[in-house]
J.: 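Could you have a look at this structure, given as C-alpha cells, before my questions?
Below, each value reflects all heavy atoms present in this structure, side chains not excepted, and no hydrogens, waters or symmetry copies.
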Amino acid sequence: LFSMADRIIRAPLNLVSSSIKQVVTNRMADRPHEAFPRLKQLLLVLAVGGIAAATFFAVLGGGFFALFLGEPWRGSGEIAFYLTIYACGALLVLPLLASMRAMRRHSTLVWFEALSLAAKFAAFYAAMHLWGVLAGIAAYACASLAVALAFSWIAFGETRRHLLQTAPAP
C-alpha cells in the first residue's frame, strides 16, 4: 500500500522538482534581483497546489485508489494523504534550496539536512512504536512539513537579506 501511494505522489513531485531546481538556481545565480519577485510568486503557487493535492487525497484518496486500482488498494488513499503533507513541505523547500545553493549557503543546507533527518526519524520512530506504522507515517509527514516550513522561513529571510546587501546602487 505504501509503495503504490509513494509512487503516485512522487511522480508529479519529481517532475516539478527537476524543473524548479534548474530554473531557480540559474535565475538566482545570474539575475537574483529580478528573480526574487518571481520566487515569491512561485512559493505561493506551490503552496496552493500542495494544499489542493492534500485536500483531494484527504477527501477522495481512498475512493481514487479503489476506483483506479481496485478495492484492495483503498488503504493507499490514507497513506497518500500523509505523503501529500510531506510533498507540500518538499514543494515549498525546492525553490528556496535552489536559492540557497545559488547564494553558496552550503553550510546552512547541511545543517538543515541534518536537523531534518533527526526530526523526521524521531517523529517516525516514536509514533510507530507508540501507535503503529500508519501513525509513524503521519508523524513523519507532519515533522517533514514543520521542518520545511521552518527552513522556508529561514531561507526566505536569508535570500531577502542577501539581495538587500547586494542590491545595485541607484
Side-chain angles (χ1 to χ4, degrees), residues 1-27 38-101 108-156:
L1 295 177
F2 177 86
S3 182
M4 183 58 72
D6 187 51
R7 281 189 220 145
I8 299 270
I9 298 303
R10 284 193 190 267
L13 184 62
N14 290 339
L15 180 66
V16 170
S17 170
S18 61
S19 301
I20 288 174
K21 281 186 220 173
Q22 193 173 29
V23 171
V24 173
T25 302
N26 291 339
R27 290 272 167 98
R38 291 184 186 217
L39 179 68
K40 292 191 289 188
Q41 292 172 340
L42 178 60
L43 288 170
L44 179 63
V45 167
L46 292 173
V48 169
I51 291 168
T55 302
F56 171 82
F57 281 109
V59 175
L60 302 171
F64 173 80
F65 279 86
L67 177 67
F68 289 104
L69 301 173
E71 194 58 39
W73 293 100
R74 183 175 288 278
S76 290
E78 188 173 357
I79 294 169
F81 167 66
Y82 295 127
L83 292 177
T84 305
I85 292 172
Y86 158 80
C88 286
L91 279 173
L92 284 177
V93 167
L94 280 173
L96 293 165
L97 284 171
S99 172
M100 296 293 279
R101 275 189 216 102
T108 303
L109 294 175
V110 169
W111 277 106
F112 165 69
E113 287 299 328
L115 293 173
S116 174
L117 180 62
K120 291 186 277 190
F121 174 76
F124 176 75
Y125 186 78
M128 185 185 71
H129 282 286
L130 291 172
W131 300 294
V133 174
L134 190 58
I137 294 169
Y140 177 88
C142 291
S144 296
L145 181 60
V147 168
L149 290 172
F151 175 78
S152 296
W153 182 67
I154 291 166
F156 189 81

J.: To the nearest 0.5 Å, what is the distance between CD1 (I20) and CG (L46)?
T.: 4.5 Å
J.: Mind listing the closest non-hydrogen atom pair of A5 and S76 along with its distance?
T.: CB-O, 3.5 Å
J.: Mind listing the side-chain donor-acceptor pairs of residues 79-101 below 3.5 Å, one per line with the distance, residues two or more places apart or on another chain?
T.:
residue: T84; atom: OG1; partner: A80; partner atom: O; Å: 2.6
residue: S99; atom: OG; partner: T159; partner atom: OG1; Å: 2.8

J.: Applying ring pair (Phe, Tyr, Trp, His ring centres under 6.0 Å), name anything that partners Y125, two or more places apart in sequence or on another chain.
T.: F121, H129
J.: Working to the nearest 0.5 angstrom, can you tell me the gap between S152 OG and L145 CG?
T.: 9.0 Å
J.: Which is it for F112 and I154 under the side-chain contact (heavy atoms from CB on, under 4.5 Å) test, yes or no, and what are the steps along the way?
T.: CA-CA 10 Å; F112 165 69; I154 291 166; over 6 Å; no
J.: Could you state the interatomic distance from OG (S144) to CG (L117), rounded to the nearest 0.5 Å?
T.: 10.0 Å
J.: Would you name the heavy atoms of A143 and A123 that are closest together and state the gap between them?
T.: CB-CB, 3.6 Å
J.: Ignoring hydrogens and geometry, is there a side-chain-to-backbone donor-acceptor pair from T25 to Q22 under 3.5 Å?
T.: no
J.: Measuring only between side-chain heavy atoms, which start at C-beta, is F65 closer than 4.5 Å to R74?
T.: no
J.: Taking all atoms of both residues into account, what is the closest heavy-atom pair of E78 and L134, and its distance?
T.: OE2-CD2, 3.2 Å
J.: Does some side-chain heavy atom of F57 sit less than 4.5 Å from a side-chain heavy atom of I9?
T.: yes
J.: Can you find a heavy atom in the side chain of L39 that is under 4.5 Å from one in the side chain of V24?
T.: yes
J.: To the nearest 0.5 angstrom, please state how far the CZ atom of R10 sits from the CG atom of L13.
T.: 7.0 Å
